[in-house]
Amino acid sequence: KAGVTQTPRYLIKTRGQQVTLSCSPISGHRSVSWYQQTPGQGLQFLFEYFSETQRNKGNFPGRFSGRQFSNSRSEMNVSTLELGDSALYLCASSLAGALSGANVLTFGAGSRLTVL
Amino acid sequence: AQSVTQPDIHITVSEGASLELRCNYSYGATPYLFWYVQSPGQGLQLLLKYFSGDTLVQGIKGFEAEFKRSQSSFNLRKPSVHWSDAAEYFCAVGAKNQGGKLIFGQGTELSVKP
């Protein structure tokens, strides 16, 4: 069974540009969550999508957005990049949605974004 | 507010020695608790989880954790550490109606001496 696949694994952008990251969940998983990991702030929840609907959202500015497609694949977009957006962006998928009980996340390897 | 505290930023243990990583949480409702491990350049791998029931949970790679409600703790233990256990360990808390939204601790980096 294939795991969670994130692309690209590494990318370099400059300030002001925008970036789109992709996440393919485990087959059958309908929930996709996104996290930002930085040395200073640690792991922070960005948002969660379930059945193409955003179910949960963290405390990030509107420059961070996401979407989910009918095949459960998800993308996140960051517009007008800032130096502080340099981070490892992790995607995680799970069987259950926000209103379910136990929700076990399986993480991908992440997309390492560097903003120059 | 929900929070997770891992008091130890970095721990070094000798190979074969026992290990305990501490985790304290602050959460109003009954928490779902997790331990994840992250190797350099990799994503997070689930070691174990607690939702309810027996407060001592067993995980992969010989790890176990004990939920102590009175102390708001969920410490991770391993009786004998292997060099391959060197990694960063994260404790996280979630809830029934929070889906994929987990609150993570800052992590504990484990080094293993030969």
Side-chain angles (χ1 to χ4, degrees), chain A residues 3-7 9-10 23 25-26 29-51 53-60 66 68 72 74 88-112, chain B residues 1-10 21 23-25 27 29-54 57-60 65 67 87-109:
Chain A
V4 178
T5 303
Q6 292 188 245
T7 57
R9 289 291 314 276
Y10 303 91
C23 173
I26 290 173
H29 284 195
R30 296 169 63 192
S31 171
V32 173
S33 300
W34 288 90
Y35 286 80
Q36 181 195 64
Q37 185 177 24
T38 60
Q41 299 299 314
L43 281 151
Q44 293 186 286
F45 173 77
L46 281 156
F47 28 65
E48 177 189 15
Y49 286 87
F50 179 76
S51 292
T53 302
Q54 188 179 88
R55 287 299 192 108
N56 267 310
K57 189 176 188 304
N59 296 322
F60 278 82
Q68 187 179 35
S72 293
S74 177
L88 180 67
Y89 289 89
L90 292 163
C91 164
S93 74
S94 67
L95 278 171
L99 300 181
S100 176
N103 202 357
V104 179
L105 302 183
T106 301
F107 283 84
S111 293
R112 171 77 61 185
Chain B
Q2 305 165 23
S3 66
V4 177
T5 301
Q6 293 179 244
D8 305 304
I9 296 174
H10 189 208
L21 302 182
C23 172
N24 292 97
Y25 67 90
Y27 198 75
T30 301
Y32 292 160
L33 294 160
F34 307 84
W35 275 99
Y36 283 88
V37 61
Q38 185 179 35
S39 297
Q42 299 299 312
L44 281 71
Q45 181 184 23
L46 179 69
L47 287 175
L48 47 76
K49 61 188 183 292
Y50 172 79
F51 293 142
S52 64
D54 192 348
V57 294
Q58 302 297 322
I60 62 171
F67 171 57
E88 189 151 24
Y89 292 79
F90 293 92
C91 179
V93 64
K96 182 175 182 178
N97 63 348
Q98 293 294 304
K101 181 179 181 180
L102 300 182
I103 307 297
F104 282 86
Q106 286 295 103
T108 298
E109 185 178 356

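Below, chains carry the letters A, B, ... as their sequence lines are ordered, and counting in each starts from 1. The basis for the numbers below is simple: all heavy atoms, side chains too, and nothing from hydrogens, waters or symmetry mates.
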Hey, can you tell me if F104(B) and Y35(A) have their rings parallel, tilted or perpendicular (30° and 60° cut-offs)? perpendicular
Contacting region of [X] [heavy-atom separation from chain A under 4.5 Å]:
{"X": "L46(B)", "value": "side chain"}
{"X": "K49(B)", "value": "side chain"}
{"X": "L102(B)", "value": "both"}

When the aromatic ring centroids of F51(B) and F34(B) are compared, is their separation below 6.0 Å? yes
Under 4.5 Å heavy-atom distance to chain B, tell me which part of [X] shows up: side chain, backbone, both or neither.
{"X": "L90(A)", "answer": "side chain"}
{"X": "F47(A)", "answer": "neither"}
{"X": "R9(A)", "answer": "side chain"}
{"X": "L88(A)", "answer": "side chain"}

Could you verify whether a donor N or O on one side chain and an acceptor N or O on the other, from [X] and [Y], lie under 3.5 Å apart?
{"X": "E88(B)", "Y": "T108(B)", "answer": "no"}
{"X": "S51(A)", "Y": "R30(A)", "answer": "yes"}
{"X": "Q38(B)", "Y": "Q37(A)", "answer": "yes"}

Would you please name every residue forming a side chain to side chain donor-acceptor pair (under 3.5 Å) with Y89(A), sequence neighbours left out? Q36(A)
